[in-house]
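The next block holds one structure in the form of structure tokens; read it before the comments.
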Amino acid sequence: MSGGRNFPQSGRTVFCFFIIIPVPVTKSKEKDMELSQRSEERRKRIAVNRAPDFKSAEDWDLDFWQSQTPQQRLSALAAIRKDILKVRKARTDSRENQIW
């Protein structure tokens with residue numbers, strides 16, 4: 001994911017990329033972990049970059065994904081797909097529950 005933010009005082013836009021690398025976790029393991037443990041595990045999997053322009057951000061993104069194994073890339077793609085399906089379901093559910 002990426003985003004640009006304009007900083008008026010400097011007149012620059014800084015592009016920030018962050019990627020959370022999914023790791024398969026079984027439901028039983030997830031239940032056993034407390035919130036603080038899950039947060040710590042998640043922090044270990046987050047890769048962050050700040051770039052002065054979009055080109056630098058794209059270069060970092062490309063280098064990052066090329067450094068990942070095919071299994072890691074496929075796992076990330078599957079996680080993104082799963083998240084998209086959750087969002088679509090939530091949108092559908094919220095529309096069905098509207099009173100108007």
Side-chain angles (χ1 to χ4, degrees):
M1 306 188 102
S2 67
R5 182 168 178 199
N6 199 4
F7 293 93
Q9 64 274 19
S10 67
R12 296 181 332 153
T13 299
V14 176
F15 293 90
C16 299
F17 272 68
F18 65 92
I19 298 170
I20 300 175
I21 304 162
V23 173
V25 177
T26 63
K27 292 288 183 189
S28 60
K29 182 180 178 184
E30 189 175 288
K31 287 179 184 177
D32 293 341
M33 295 175 75
E34 290 187 24
L35 178 60
S36 60
Q37 291 173 313
R38 291 194 313 264
S39 298
E40 184 61 33
E41 288 295 315
R42 190 177 312 109
R43 278 189 209 98
K44 292 176 185 176
R45 298 187 323 258
I46 296 176
V48 179
N49 179 53
R50 285 185 63 176
D53 55 41
F54 192 74
K55 174 73 172 118
S56 298
E58 277 187 324
D59 291 344
W60 177 84
D61 187 59
L62 181 62
D63 290 341
F64 174 83
W65 286 111
Q66 286 182 339
S67 71
Q68 302 300 302
T69 66
Q71 292 83 1
Q72 289 169 317
R73 285 182 262 180
L74 184 59
S75 180
L77 180 62
I80 291 168
R81 176 74 177 139
K82 186 177 176 182
D83 288 346
I84 289 170
L85 293 174
K86 284 181 187 176
V87 169
R88 285 184 179 164
K89 183 178 182 338
R91 284 182 182 166
T92 302
D93 291 348
S94 69
R95 286 184 187 138
E96 290 173 358
N97 293 329
Q98 285 180 350
I99 297 172
W100 44 357

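Counting from 1, the numbers follow the sequence of the chain as shown. What's counted below: heavy atoms across the whole structure, side chains too, no hydrogens, waters or symmetry copies.
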Subject >> Closest heavy-atom pair and its distance - W60, A47 >> reply: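 Smallest interatomic distance, heavy atoms only, reads CH2-O, 4.0 Å.
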Original post:
Taking C-beta and beyond as the side chain, do T69 and R73 meet within less than 4.5 Å on heavy atoms?
Top reply: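 T69 vs R73: side chains apart.
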Subject >> Verdict with supporting geometry, S56 and D53, side-chain hydrogen bond (donor to acceptor under 3.5 Å, both in side chains) >> reply: CA-CA 6 Å; S56 298; D53 55 41; 2.8 Å; yes
Original post:
Salt-bridged, K44 to E41, with N to O below 4.0 Å?
Top reply: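 Yes.
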Original post:
Is there a donor-acceptor contact under 3.5 Å from the side chain of E40 to the main chain of Q37?
Top reply: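 It does not hold such a pair.
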**OP:** Without swapping roles, check the side chain of T92 against the backbone of R88 for a donor-acceptor pair under 3.5 Å.
**Re:**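 Yes, because the side chain of T92 sits within donor-acceptor range (under 3.5 Å) of the backbone of R88.
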Original post:
Rounded to the nearest 0.5 Å, how far does CG of N49 lie from CG of D63?
Top reply: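 If I round to the nearest 0.5 Å, the distance is 9.5 Å.
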